[in-house]
2 protein chains.
Amino acid sequence: MTTQLLRIGETAERLGVSTHLLRHWEAEGVITPERTAGGARRYGPELRDALAIAVKCQHAGMSLSTIAQLLNGPPGERRRLVAEQRDAVDRHRARLERTAAFLDHVLRCTHPVVRECPECRAFASSTP
Amino acid sequence: MTTQLLRIGETAERLGVSTHLLRHWEAEGVITPERTAGGARRYGPELRDALAIAVKCQHAGMSLSTIAQLLNGPPGERRRLVAEQRDAVDRHRARLERTAAFLDHVLRCTHPVVRECPECRAFASSTP
DNA sequence: GTAGAAGTTCGGGTCGACGCGAAGTCAAGG
DNA sequence: CCTTGACTTCGCGTCGACCCGAACTTCTAC
C-alpha cells in the first residue's frame, strides 16, 4: 500500500467536483499532482487534503491565485498572506453581520419608504 | 427645491462608482431612474438610498438579479427572498467563522504537514 | 495482448459583472 | 450661433472561473 494515490476521477468524485475543475485548478497553479510514467495525474492524501482546504478557502471568497500562493508560495510570503486573508475574512464577516441585521430589520420594518426609516438609512450609509 | 434630483455623474461620484456601472445596473433591472424630457437620467434621494443598499447587498454576495428582485419584485415574493437571503448570509457567516478559526490556527500551527495536524484536518473535512 | 474505461491535451464557449470608446444628443453660457 | 461638457445608446472587450467536446493515449482487467 504505497500511500494511496488516486486518479483524477476518484479524487474529483470524493471532493464533489468535476475532473475538468481539477485540471483547471492545476493549470491555475493551485494544486499540482504527481504523474505516472505515462502522464496520468495521481493525487496522494496530502494533496487531497490541500484540495479540500482550497475548496473551503474559495468558499471564503479567496481567488484561485490567492489560494495558489497560499498553498505553494514561499513560507515567509505565505505567513504574510495568511494574516492578510485572516483580516479580509474579518472585514467580510463584519459586513455580513451588518447585512444580516439589516435583513432582519427589513422583515419587520413598517416604513413604506427607506428614507423614512432610520435603521434602513443607517445601513445604507454604513462604512464600506 | 424639488426633491434633489441628481444626474448620473453626481450620483455615481457620491456613490463612488462609475457612470457606466449605473447604466449597467439599470440595464440589469436593478435601479431605474426617472428621465428628463430629453432622456437624461435623474436620481432622487430614494433611488440613491436604494443604490447604497444595493451596493451593500452586493458586497454581501448577492447577484445583481437577486438584488433587482429584492428591490423591484412584488412584496410577497420580496419577503420570501429577504428571508432566503437572510439564511444565505447566515450560512456564509458560519463558513467564514470556520475559515477565520482555521487561518488563526495556521498562523501558529507547527505541524509541517496538514495530515499530521488534527485541527487542519478538521477544517478540511468540515461540513459544506 | 487486447478491449474498453478512464485518462490526456487543446481549443473554444458560457456566465456574471463589468470597462471602454465611438458617435450622436441636449442644455447652458458667451 | 457655436462651443463645451455632460449626457445618451450601442456594441465589443475583458476577467475570473468554469464547462464541454473532439481526438488521441494510457491503464487495467480479463
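No hydrogens, no waters, no symmetry mates; every other heavy atom, side chains included, goes into these values. By convention in this document, chain letters (A, B, ...) are assigned in the order of the sequence lines, proteins followed by strands, and residues within each chain are numbered from 1.
Nearest-nucleotide assignment on DNA chain D puts the 5′-proximal partner with B:Glu10, out of B:Glu10 and B:His20. Between A:Ala37 and A:Trp25, the residue anchored nearer the 5' end of DNA chain D, judged by the nucleotide with its closest heavy atom, is A:Trp25.
Ion pairing between A:Glu10 and A:Arg14 holds under the 4.0 Å rule for side-chain N and carboxylate O.
The CD-P distance, from A:Glu34 to C:dG7, rounds to 16 Å in whole Å. Whole-Å rounding puts the B:His24 NE2 to D:dC10 P distance at 16 Å. The distance between atom OH of A:Tyr43 and atom C1' of C:dA6, rounded to the nearest whole Å, is 14 Å. Rounded to whole angstrom, the span from the CZ atom of B:Arg7 across to the C1' atom of D:dA6 amounts to 6 Å. One atom, CZ of A:Arg42, and another, P of C:dA6, lie 13 Å apart when rounded to the nearest Å. Between A:Leu15 atom CG and D:dC18 atom P the separation is 12 Å, expressed in whole Å. The distance between atom CD of B:Glu13 and atom C1' of D:dC7, rounded to the nearest whole Å, is 15 Å. The interatomic distance linking A:Leu6 (CG) with D:dC27 (P) rounds to 16 Å, in whole Å.
Distances shorter than 4.0 Å separate none of the side-chain N or O atoms of A:Arg35 from OP1 or OP2 on C:dG7. Between A:Thr36 and the phosphate of D:dC27, there is a side-chain N or O to OP1/OP2 separation shorter than 4.0 Å.
With D:dT8, C:dG19, C:dC18 as the choices, the nucleotide that has an atom nearest any side-chain atom of B:Ala40 turns out to be D:dT8. Nearest nucleotide to the A:Ser63 side chain, out of D:dA6, C:dG7, D:dA17: D:dA17. Nearest nucleotide to the B:Leu21 side chain, out of D:dC18, C:dC18, C:dA6: C:dC18.
Residue-level contact check: A:Gln58 touches the backbone only, with heavy atoms under 4.0 Å from sugar-phosphate atoms and none from bases. Contact annotation for B:Ser18: backbone-only contact, meaning every heavy-atom pair under 4.0 Å involves sugar-phosphate atoms and none involves a base. Among the atoms of the strands shown, base atoms are found under 4.0 Å from some heavy atom of B:Arg23.
For the 3.5 Å distance criterion, the side chains of A:Glu119 and A:His105 qualify, holding a donor opposite an acceptor.
Residues A:Leu15 and A:Arg48 have side chains not in contact (no heavy-atom distance under 4.5 Å, counting atoms from C-beta outward).
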Could you walk me through whether B:Glu97 and A:Arg93 pass side chain to side chain contact (heavy atoms under 4.5 Å, CB included), step by step? CA-CA 8 Å; B:Glu97 217 150 307; A:Arg93 279 214 293 163; 3.2 Å; yes

Return all side-chain donor-acceptor pairs below 3.5 angstrom for residues 20-29 of chain A, not counting sequence neighbours, or 'none' if the list is empty.
from: A:Glu26; atom 1: OE1; to: A:Arg41; atom 2: NH1; distance (Å): 2.4
from: A:Glu26; atom 1: OE2; to: A:Arg35; atom 2: NH2; distance (Å): 3.0

